[in-house]
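Down below is the structure, laid out as structure tokens.
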Amino acid sequence: MKKEIGQEYTVALLAIGLGLLAGAVLMLVTGNNPLLGFFYLFSGGLMNITRIGNTLATATPLIFTGLSVAFAFRTGLFNIGAAGQMLIGGLCATALGLTLPWPKPLLLPVIVLAAALGGALWGLVPGWLKAKFNVHEVVCTIMMNWIAYWSVYYIVPAYFKGAYLETESRRIPEAASLKVGWLTRLFKGSYINLGFFIAIATVLIIAYILDRTTLGYELKAVGYNRDAAEYAGIQANRNIILSMMIAGACAGLGGAAFYVGYASNMQIGVLPSQGFDGIAVALLGANSPWGVFMAAIFFGLLHSGKGFMNAMTKVPPEIADSIIATIIYFAATSVLMERLRQRLQKRRQARDKTDLPLDPEAKLQEKVGGVG
Amino acid sequence: MWWHLIEQIFPYAIAYTVPLLITALGGLYSERSGVVNIGLEGLMVVGFFTSALTISRLESSLSPVVAIGLGLVLATLAGAVFSLLHAFASVTLNANQVISGTAINMLAGAITVYLARHITGSGNILIMNGLIRRNVPVLSKIPILGPLFFTQTYVTTWLVLAILLLSWFLLYRTPFGLRLRACGEHPQAADAAGINVYRMRYIAVLLSGACAGLGGAIILVTYAGEFNGTVAGLGFLALAALIFGQWKPLGILGATFFFGLASTIANVSQAIPALAKVPGIFLKNFPYIVTLLVLVFFSKSTQAPRAAGEPYDKGKR
């Protein structure tokens, strides 16, 4: 067990290293100094307490979407729909925040709950279609993303139109914002908000569900082998639907953390990139809740530092996305890295073994020259 | 009055259909060989970017027609080259094809905008000259059919239709096509029959990249006129059209035309009194909801290539 965890770390660190290397090459190709670029990229996210707060605030939605993708993964489902689930969660939160004139302590729990429910609903549809009609969840969640996109595109201007622009909602009142005075003061005016603590709580809950409950055991069993799980008396269909709902709820919470936490209104015409970055986060975090947490903080750092880097050098901010995309590619090809490692290990073992007397068959093979 | 409206809408619907059609055809090659290519969206972006860069650089020194032609060719090649990443990951390394495809999408979106911003500062690349719509001589004079199909057409439309015919012939009437489809249905059997499954899948993924790259370039030279870093989900829609069309060339033609028509109607609805009353939210969501319904009907008895999405494992029975 320990060895497995060690392996996952190696793969993740290797993918990060190769991703940063690719970023350096991109900077070099476009005539920038990579060392300087990275210096400003990282200091942009860590330089002072405000920027550290902003890094955590940027990472918060990524923790949620990463958890969403990772949770579905554990049941063998690929949730590309985190973006749409996040949008709907954000829409529910914004709508309630702009409608209910309640005091903050009462309003916030309702908003957060509504965001989770909205996301869960958006996850329920693909889950149900998968369980009932065997519709592939990848295509289905992509369609749900666009349905969410166009729904927000029309609902926000129709009911919550901003004062000046057609393309955004009104600003949510202070009572509906996840930002709180003491936290903002503690981090000297950064964007950090209660969403970060909800994210930590969600990590704990998801870890608990996966590792300590019957439900988690069943979900994982369905993920490993659906037929075997069904044979063992586990209702695969019910678990698929539940898994997508929980995944959707996580992404929906991410919507609350982003639209009424990090931001204070909703823009239309944008599918949040955090939904797709969540896939990268889940992969890099090896689909474990705490792995997701750390990966999200790392990607949050890249995203929050890119603006400062762009201001100090000529490197375009898309370098962060390029690095993340390269990391996901290398994380996906971890099989190769694993194989490479095994081959190297085998060669090393073979070298160690040469002192021992060879058995006849190996001798014969060596004569023919077929060892390899 | 209705007839006049249809005559007006049709050329737009076709213009919108063509990039979808060629990209879905690319997806057809890939999936028929057993490799799911969810990276079509990103490969389109690569073609979109390459053609914009080529044309914007060359159109002042060369004649616009030559520049556009070169842009289309280079975009096709760039799509093929970029798809090598997907082929390498999913065929050689047996990586998860959906994750690899997602990585392609993210990589294409990030790197092209990174380069575009480095080149132009804004991240958008504008071209001065697009393709010109032409009436097909003689045929455009045919009543009914003429105004619908042969007036105001782009040359790329005919190119793509030719590729569609060619693809049908290639897939169903040649040994190459039979082998390619065999790799997607039962790669172990194909291997036993002496077919190099890895090579076939590489070829198929490269073809899909080339088609998607061409699709992206067609978007640029027909209706976009400017690279802006995204093809707004058309690659994913092409994937849905592939399923809707049940992995058959003619089915794909029908499915993509349906999407093209639905999107065009949604886009022009404001100008049409009868449609202006329908809320936009329904019109815009219509294609996606119909896709979901179609998937519900088709998924139980799917015609999907049996081995699509599965890495080829020689030792498996």
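A note on names: the letters A, B, ... follow the listed sequences, proteins ahead of strands, and every chain is numbered from 1.
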Structural part of [X] lying under 4.5 Å from a heavy atom of chain B:
X        : answer
A:Val138 : side chain
A:Lys314 : neither
A:Ile279 : side chain
A:Ile323 : neither
A:Ile327 : neither
A:Asn145 : neither

Any B:Leu292 side-chain heavy atom under 4.5 Å of A:Cys140 side chain: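 They are in side-chain contact.
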
Test item: B:Ile38 and A:Ile80 side chains (from C-beta on) under 4.5 Å apart, heavy atoms: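 B:Ile38 vs A:Ile80: side chains touch.
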
Most chain A-contacting option - heavy-atom pairs closer than 4.5 Å, from B:Ile99, B:Leu115, B:Thr102, B:Ile281: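 Most heavy-atom pairs under 4.5 Å with chain A: B:Ile281.
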
About how many Å separate [atom2] of [Y] and [atom1] of [X], when rounded to the nearest 0.5 Å?
X        : Y        : atom1 : atom2 : value
B:Leu107 : A:Ser322 : CG    : OG    : 7.0 Å
B:Arg117 : A:Thr30  : CZ    : OG1   : 13.0 Å
A:Ile142 : B:Glu41  : CD1   : CD    : 8.5 Å
B:Thr230 : A:Leu271 : OG1   : CG    : 9.0 Å
B:Ile111 : A:Thr326 : CD1   : OG1   : 5.5 Å
B:Phe236 : A:Thr141 : CZ    : OG1   : 9.0 Å

Exam field: side chain A:Tyr329 to backbone B:Leu85, donor-acceptor pair closer than 3.5 Å: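 Yes.
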
Verdict with reasoning, A:Ser151 to B:Asn285, per side-chain contact (heavy atoms from CB on, under 4.5 Å): CA-CA 8 Å; A:Ser151 301; B:Asn285 279 328; 3.4 Å; yes

Identify the heavy atoms of [X] and [Y] that sit nearest to each other, and give their distance.
X        : Y        : value
A:Leu129 : B:Val296 : CD2-CG2, 3.6 Å
B:Ser100 : A:Ala332 : N-CB, 4.4 Å
A:Pro316 : B:His118 : CG-N, 4.0 Å

Among A:Val315, A:Val29, A:Asp321, the one residue meeting side chain to side chain contact (heavy atoms under 4.5 Å, CB included) with B:Tyr114: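 The side chain to side chain contact (heavy atoms under 4.5 Å, CB included) with B:Tyr114 is passed solely by A:Val315 among A:Val315, A:Val29, A:Asp321.
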
Is it the case that more than 12 heavy atoms not belonging to [X] sit under 6.0 Å from its [atom1] atom?
X        : atom1 : result
B:Arg57  : CZ    : no
A:Tyr153 : OH    : no
A:Lys161 : NZ    : no

Segment of B:Thr92 engaging chain A (4.5 angstrom heavy-atom cut-off):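 Just the backbone, heavy atoms under 4.5 Å.
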
Residues of residues 256-263 of chain B with any heavy atom under 4.5 Å of a heavy atom in chain A: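 Residues in range: none.
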
Best-contacting candidate, A:Ile147, A:Ile328, A:Val139, against chain B by heavy atom pairs under 4.5 angstrom: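 Most heavy-atom pairs within the cutoff with chain B belong to A:Ile147.
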
Top contributor to chain B contacts, counting heavy-atom pairs under 4.5 Å, from A:Phe78, A:Phe133, A:Trp150, A:Tyr149: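 Top count of heavy-atom pairs under 4.5 Å with chain B: A:Trp150.
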
Test log, rule side-chain contact (heavy atoms from CB on, under 4.5 Å), inputs B:Lys284 and A:Tyr154: CA-CA 10 Å; B:Lys284 286 286 188 189; A:Tyr154 285 101; 3.5 Å; yes

Stepwise side-chain contact (heavy atoms from CB on, under 4.5 Å) check, A:Met143 with B:Leu237: CA-CA 8 Å; A:Met143 295 298 123; B:Leu237 212 54; 4.2 Å; yes

